[in-house]
Amino acid sequence: MLDKTKRYLVVGLGLLGGKYALELTKAGFHVDGINRSEGHLQYALDHGYIAAGKNADFEDLVREADCIIFGLYPTVLLDWVKQYGQLIRPGTMVTDVSGVKTGLVEPVQAMCPAGVEFIASHPMAGRETSSVEHAAEVNFAPANFIITPTDKNTPEAIQWAKELAEVLGFKHICTLTVQEHDKMIGYVSQLCHAIAVSLMCASDNSELANYTGDSFRDLTRIAHINDKMWAELFLWNKDNLISEIDMFESALQDMREKLVRDDREGLEEMFRLSTKRREAFDKK
């Protein structure tokens, strides 16, 4: 298990960074934090998520850290490592929470000082809400934790990431390549958000709020979305997402054609296939 004498540093106390800090502190680890917003930093301090924190002049916190977790958007993470990466001590384990890995993992690994190991990972446990104030609402137990190592990572780093996930409370931990991760995430996460957003933007349906049933509510829950983060994630993974949108459009067009042809048997066949495939998720 993880060594509790190690000092942890969370850079970016947002929803997931805040949850990491909270769970590690509860598990008995020393956790410090760096965050641009003074208000969110103070919240983390006041609620005992972190032992110490700064939003400027934080070089000492970086140098003292044995393990660093980046809760930053991909572009911000790249800029941070470029500016402050040289402060990280050799021997430090580093990971992230980013939802896209291509274009991020290899540049960060290249910028890390000798002896510093960046092992990328993705906790698939986001919510519609954001910021550290909502971190306690996140439930890691039913979510997937994905580790995305490259050939530059050691078995020790992969094991550290697995143990970190276990301490955080994840029950489902797996390993994918960077490319496998981004293709998968384009379908099971980003396409779902794209569909939910499109449903809400297709027409002014605000008057339906008083009448809608659970189906519409459930399907559009994730349309309440962090605009800046998801715009960045969509654009970083746009090739995979565009491919998935095209595939979805084809399936929807197939259904439309069955409706035009009054093809009841074809519709029932689609419904049986969707039911069968959905059953696999109910067994989890």
Side-chain angles (χ1 to χ4, degrees), residues 1-12 16-17 19-32 62 65-74 77-78 80-81 85 88-126 138-189 233 236-237 240 284:
M1 291 299 292
L2 294 183
D3 183 352
K4 291 190 177 181
T5 66
K6 302 292 187 182
R7 294 174 68 101
Y8 277 72
L9 175 66
V10 178
V11 182
L16 293 177
K19 180 64 172 179
Y20 273 53
L22 172 60
E23 292 303 322
L24 285 167
T25 296
K26 284 168 58 177
F29 292 86
H30 179 103
V31 184
D32 296 321
V62 179
D66 298 298
C67 307
I68 298 177
I69 296 154
F70 286 112
L72 303 173
Y73 296 176
L77 173 50
L78 285 175
W80 195 99
V81 175
I88 304 174
R89 288 188 296 105
T92 303
M93 286 290 187
V94 183
T95 193
D96 68 327
V97 304
S98 301
V100 176
K101 302 304 183 187
T102 303
L104 175 72
V105 178
E106 290 187 7
V108 171
Q109 288 180 332
M111 287 189 288
C112 282
V116 173
E117 186 159 2
F118 176 67
I119 173 71
S121 58
H122 179 198
M124 293 185 65
V138 177
N139 182 11
F140 282 161
N144 292 308
F145 187 93
I146 304 173
I147 304 167
T148 56
T150 72
D151 56 7
K152 293 183 179 178
N153 287 122
T154 62
E156 291 76 18
I158 297 170
Q159 182 61 29
W160 172 80
K162 289 179 179 177
E163 293 178 2
L164 173 64
E166 291 169 356
V167 169
L168 293 170
F170 286 91
K171 304 301 181 186
H172 308 283
I173 305 167
C174 63
T175 301
L176 294 174
T177 67
V178 167
Q179 293 74 24
E180 288 170 340
H181 171 274
D182 285 3
K183 181 171 175 53
M184 178 276 298
I185 216 70
Y187 185 65
V188 303
S189 177
L233 294 176
W236 271 63
N237 200 36
N240 282 314
K284 296 295 184 182

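Along the sequence shown, residues carry numbers from 1. Being a predicted model, the structure only gives us computed values, none of them experimental.
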(message) If we ignore hydrogens and angles and just use 3.5 Å, is the side chain of Thr150 paired with the main-chain N or O of Lys152 as donor and acceptor?
(response) yes

(message) Name the residue from Thr25, Asp66, Leu24 that meets the side chain to side chain contact (heavy atoms under 4.5 Å, CB included) definition with Tyr8.
(response) Leu24

(request) List in chain and number order the residues that pass side-chain hydrogen bond (donor to acceptor under 3.5 Å, both in side chains) with Asn240, two or more places apart in sequence or in another chain; answer none if no residue qualifies. (result) Asn237

(request) Any salt bridge (charged side-chain N to carboxylate O under 4.0 Å, His left out) involving residues 100-116? Give me the pairs, sequence neighbours left out, ordered by first then second residue. (result) Asp96-Lys101

(request) Evaluate side-chain contact (heavy atoms from CB on, under 4.5 Å) for Met93 paired with Val116, printing each intermediate quantity in order. (result) CA-CA 6 Å; Met93 286 290 187; Val116 173; over 6 Å; no

(request) Any chance you could measure Ile69, atom CD1, to Leu9, atom CG, to the nearest 0.5 Å? (result) 8.5 Å

(message) I want to check something: taking the side chain as every heavy atom from C-beta on, are His181 and Thr102 in contact at a cut-off of under 4.5 Å?
(response) no

(message) Nearest 0.5 Å, please: how far is OG1 in Thr175 from CD1 in Ile146?
(response) 9.5 Å

(request) Please lay out, stage by stage, how Leu78 and Leu104 fare under the test side-chain contact (heavy atoms from CB on, under 4.5 Å). (result) CA-CA 7 Å; Leu78 285 175; Leu104 175 72; 3.9 Å; yes

(request) Just jot down the side-chain hydrogen bond (donor to acceptor under 3.5 Å, both in side chains) partners of Asp3, sequence neighbours excluded, or say none. (result) Thr5

(request) Can you run down the salt bridge (charged side-chain N to carboxylate O under 4.0 Å, His left out) pairs that involve residues 178-187, sequence neighbours left out, and say none if there aren't any? (result) Lys183-Glu244

(request) Can you see which heavy atom on Ser98 is nearest to which on Leu77, and at what distance? (result) OG-CD2, 4.1 Å

(request) Look up atom CZ in Phe170 and atom OG in Ser121, then write down how far apart they are to the nearest 0.5 Å. (result) 8.5 Å

(message) The criterion is side-chain hydrogen bond (donor to acceptor under 3.5 Å, both in side chains); which residues satisfy it with Asn139, sequence neighbours excluded?
(response) none

(request) Answer whether the closest heavy-atom distance between the side chains of Val105 and Phe118 falls below 4.5 Å. (result) yes

(message) Can a donor-acceptor pair be found, under 3.5 Å and without considering hydrogens, that links the side chain of Thr92 to the backbone of Ile88?
(response) no

(message) The criterion is salt bridge (charged side-chain N to carboxylate O under 4.0 Å, His left out); which residues satisfy it with Arg7, sequence neighbours excluded?
(response) Asp32, Glu64

(message) List the residues meeting side chain to side chain contact (heavy atoms under 4.5 Å, CB included) with Lys171, not counting sequence neighbours, and say none if there are none.
(response) Ala141

(message) Ring of Phe140, cation from Lys19 - is the NZ or CZ under 6.0 Å from the centre and inside 45° of the axis?
(response) yes

(message) Trp160 vs Cys67, test: side-chain contact (heavy atoms from CB on, under 4.5 Å). Steps then yes/no.
(response) CA-CA 10 Å; Trp160 172 80; Cys67 307; 3.7 Å; yes

(request) Check for a donor-acceptor pair, side chain of Lys4 on one end and backbone N or O of Ala27 on the other, with a separation under 3.5 Å. (result) yes

(message) Give me the atom names and distance for the closest heavy-atom approach of Ala120 to Thr95.
(response) C-OG1, 3.9 Å

(request) Grab the two heavy atoms, one from Ile185 and one from Gly99, that are nearest each other, plus how far apart they are. (result) CG2-O, 3.7 Å

(message) Test of understanding: with side-chain hydrogen bond (donor to acceptor under 3.5 Å, both in side chains), list the residues that count as partners of Thr148, not counting sequence neighbours.
(response) none

(message) Does any part of the side chain of Trp80, heavy atoms only, come nearer than 4.5 Å to the side chain of Val108, both counted from C-beta?
(response) no

(request) Find the distance between SG (Cys174) and CG (Asn144) and round it off to the nearest 0.5 Å. (result) 6.0 Å

(request) Can you sort out the partners of Lys26 under salt bridge (charged side-chain N to carboxylate O under 4.0 Å, His left out), two or more places apart, ordered by chain and number? (result) Glu23

Could you go through residues 162-169 and list every donor-acceptor pair under 3.5 Å that involves a side-chain atom there, pairing it with any protein atom two or more places apart or in another chain?
from   : atom 1 : to     : atom 2 : distance (Å)
Glu163 : OE1    : Leu2   : N      : 3.4
Glu163 : OE2    : Gln159 : NE2    : 3.1

(request) Could you pull out all residues at least two apart from Gln179 that satisfy side chain to side chain contact (heavy atoms under 4.5 Å, CB included)? (result) Thr177

(message) Tell me every residue that passes side chain to side chain contact (heavy atoms under 4.5 Å, CB included) with Glu156, counting only those two or more places apart in sequence or in another chain.
(response) Thr154

(request) For Glu117 and Ala157, indicate whether the former's side chain and the latter's backbone hold a donor-acceptor pair under 3.5 Å. (result) no

(message) Is there a side-chain contact between Val97 and Phe70 in this structure, where contact means two heavy atoms from C-beta onward sitting under 4.5 Å apart?
(response) no

